[in-house]
Q: 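Quick one: this structure, given as structure tokens, is what I'll be asking you about.
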Amino acid sequence: MNFRIWALGVALCLLTGCSALLERTYSVAEPHSSKFWESEAAGTLRAENHQDVVNDLLLLIGQHRETATLRLYDFESDLAVADTLEEATTEVQQETPLGAYAVEYITASSHAQRGYYEVAVRIGYRRTLEQLQAVVNATSPSALYSLLAAALDEGRTELAVRMGYWGEDGQSRVEDAMSQLREERELTETVPWVVNYYPGEEPGLVEFFLDPPEEPGEEDPPEGEIEDGETERPEGEPEEPEEAGGEIPGSPEEGEDPQEKSEDAPPSGDPPEEEENPKAV
């Protein structure tokens, strides 16, 4: 019994001496998120470089915001601000899928403040908020067949898909998906679907119009146009008589003197004289 108590005491002494070996250091890793909004100014975005301005503009476009205020920090001069705004707005509208799809124009004007530049941004759109909210995300063009089939089942007339990956054969896969679906749904005789790629050769967003309007036929000229060989006649002007196959009413016959005919005929407007009939005796 005494031996057990002694062994327990020795063990406790050893544990207290090795307490440093049991210490652990814990660290918590949190995902990094850039802060774009100013904390003290509601509705105001901040940026410190070109990429921040691009991110701010894309954030505004995703919310379909027409006007906003940006605060630019760490810019050395008015010229540096003007160059950055021009490059960023051009990049967003011409080189990003969302900007090329939705934006009509972007304007920006800056004013120097103490410690920063304040920029007033105005964005014009050619897509509605509902169209932006209806954009579908897909990992690759292989998902287009099922997305198009679902759009037809829901009776939708347009579909916009943002691609995570395009690939070299992306456009051919788009055409194959459309051809297969049109054959299965017996739509080959209808008006072809319209496809638009944004922003260009390597698109990140594909737009489909599944019910485009029919083009006017060539045999029916649009209203107001005249077919070849016809001349336009002013309204109210009588048609000219045909030369062949008839004579103009009231014209003298061939070989007849117009003056003789005029002497025999009663004057215009006077009734012919009545012939006196003798009374019977």
Side-chain angles (χ1 to χ4, degrees), residues 30-141 147 158-167 170 194-209:
E30 296 181 355
H32 173 72
S33 59
S34 299
K35 184 178 180 181
F36 298 110
W37 297 97
E38 288 278 18
S39 57
E40 72 276 6
T44 301
L45 291 159
R46 61 176 296 145
E48 298 179 3
N49 51 53
H50 167 87
Q51 189 59 48
D52 286 350
V53 177
V54 171
N55 294 338
D56 289 348
L57 293 175
L58 291 175
L59 182 62
L60 295 172
I61 294 170
Q63 298 178 353
H64 208 270
R65 295 277 296 272
E66 296 182 356
T67 58
T69 301
L70 274 62
R71 287 183 180 178
L72 306 187
Y73 295 91
D74 299 334
F75 284 84
E76 299 177 354
S77 63
D78 296 352
L79 181 59
V81 170
D83 291 341
T84 300
L85 291 175
E86 181 180 1
E87 294 172 359
T89 53
T90 302
E91 177 181 342
V92 168
Q93 187 173 356
Q94 298 182 3
E95 301 179 17
T96 64
L98 189 62
Y101 167 72
V103 174
E104 184 69 28
Y105 64 85
I106 303 175
T107 63
S109 58
S110 63
H111 302 281
Q113 303 292 341
R114 180 175 295 181
Y116 62 89
Y117 284 86
E118 186 168 287
V119 181
V121 176
R122 180 175 294 274
I123 306 174
Y125 294 90
R126 56 194 185 96
R127 296 292 185 272
T128 63
L129 176 60
E130 290 74 17
Q131 288 175 306
L132 285 179
Q133 293 175 341
V135 173
V136 181
N137 294 317
T139 56
S140 68
L147 292 175
E158 62 181 74
L159 174 67
V161 183
R162 182 160 28 188
M163 295 293 176
Y165 171 76
W166 182 246
V194 177
V195 185
N196 297 319
Y197 299 93
Y198 302 96
E201 297 179 356
E202 296 183 359
L205 191 147
V206 185
E207 179 186 41
F208 301 89
F209 289 102

Q: Holding to side-chain hydrogen bond (donor to acceptor under 3.5 Å, both in side chains), I want the full list of residues that pass it with Q51, two or more places apart in sequence or in another chain.
A: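 Residues passing side-chain hydrogen bond (donor to acceptor under 3.5 Å, both in side chains) with Q51: N55.
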
Q: Ignoring hydrogens and angles, state whether a donor on the side chain of Q133 or H64 is under 3.5 Å from an acceptor on the partner side chain.
A: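 There is no such pair (donor and acceptor under 3.5 Å, judged by atom type) between the side chains of Q133 and H64.
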
Q: When you look at Y125 and I61, which way does the side-chain contact (heavy atoms from CB on, under 4.5 Å) test go after all the steps?
A: CA-CA 9 Å; Y125 294 90; I61 294 170; 4.1 Å; yes

Q: Side chains of R71 and T44, heavy atoms from C-beta outward: is any pair under 4.5 Å?
A: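 Heavy-atom side-chain distance check passes, below 4.5 Å.
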
Q: With a 4.5 Å cut-off on side-chain heavy atoms, are L57 and V121 touching?
A: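 Side chain of V121 against side chain of L57, heavy atoms only: contact under 4.5 Å found.
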
Q: Any heavy-atom pair between the side chains of V119 and T69 that's under 4.5 Å?
A: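 No - every pair of side-chain heavy atoms lies 4.5 Å or more apart.
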
Q: Is it the case that the side chains of Y117 and D78 hold a donor-acceptor pair, with the cut-off being a distance below 3.5 Å and no angle test?
A: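 Note: D78 and Y117 side chains meet the donor-acceptor criterion.
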
Q: Indicate the atoms forming the closest heavy-atom contact of G170 with P141, along with that distance.
A: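 Residues G170 and P141, closest heavy atoms: CA-CG, 4.0 Å.
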
Q: Just wondering, do L45 and L60 contact through their side chains at under 4.5 Å, heavy atoms?
A: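 Yes; the side chains approach each other to less than 4.5 Å.
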
Q: Mind listing the closest non-hydrogen atom pair of P199 and Q94 along with its distance?
A: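 Smallest interatomic distance, heavy atoms only, reads CB-O, 3.4 Å.
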
Q: When rounded to the nearest 0.5 angstrom, what is the spacing between CD in E91 and CD1 in I106?
A: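 Taking CD in E91 and CD1 in I106, the distance rounds to 10.5 Å.
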
Q: Can you measure from CZ (F75) to CG (L85) and round to the nearest 0.5 angstrom?
A: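 F75 atom CZ to L85 atom CG measures 7.5 Å (nearest 0.5 Å).
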
Q: Hey, could you give me each pair passing salt bridge (charged side-chain N to carboxylate O under 4.0 Å, His left out) that has a residue in residues 99-119? Not counting sequence neighbours.
A: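 Sorted result for residues 99-119: empty, none.
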
Q: Could you walk me through whether T84 and L72 satisfy the side-chain contact (heavy atoms from CB on, under 4.5 Å) test, starting with their C-alpha distance in whole Å, then the side-chain angles of each, then the deciding distance to 0.1 Å, before giving a yes or no?
A: CA-CA 10 Å; T84 300; L72 306 187; 5.6 Å; no

Q: Do Q131 side-chain atoms and T128 backbone N/O form a donor-acceptor pair below 3.5 Å?
A: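 Yes.
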
Q: Find the distance between CG (L132) and CD (Q63) and round it off to the nearest 0.5 Å.
A: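 Atom-to-atom, L132:CG and Q63:CD are 11.0 Å apart.
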
Q: Could you tell me the separation between the CD atom of Q93 and the OH atom of Y101, rounded to the nearest 0.5 Å?
A: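 The distance works out to 15.0 Å.
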
Q: Taking atom OG1 of T96 and atom CG of L205, what is their separation to the nearest 0.5 Å?
A: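 The distance works out to 10.0 Å.
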
Q: Return yes if some donor-acceptor pair links the side-chain N/O of T89 with the main-chain N/O of E86 below 3.5 Å, else return no.
A: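 The answer is yes, because a donor-acceptor pair under 3.5 Å joins these two groups.
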
Q: Taking atom CZ of R162 and atom OH of Y198, what is their separation to the nearest 0.5 Å?
A: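 Separation between the atoms: 14.0 Å.
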
Q: Would you find more than 12 non-hydrogen atoms of other residues, nucleotides or ligands less than 6.0 Å from Q113 atom CD?
A: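 Atom CD in Q113 is crowded, with more than 12 foreign heavy atoms closer than 6.0 Å.
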
Q: Pairs in or reaching into residues 120-133: which pass salt bridge (charged side-chain N to carboxylate O under 4.0 Å, His left out), with residues at least two apart or in two chains?
A: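 The answer is R127-E207.
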
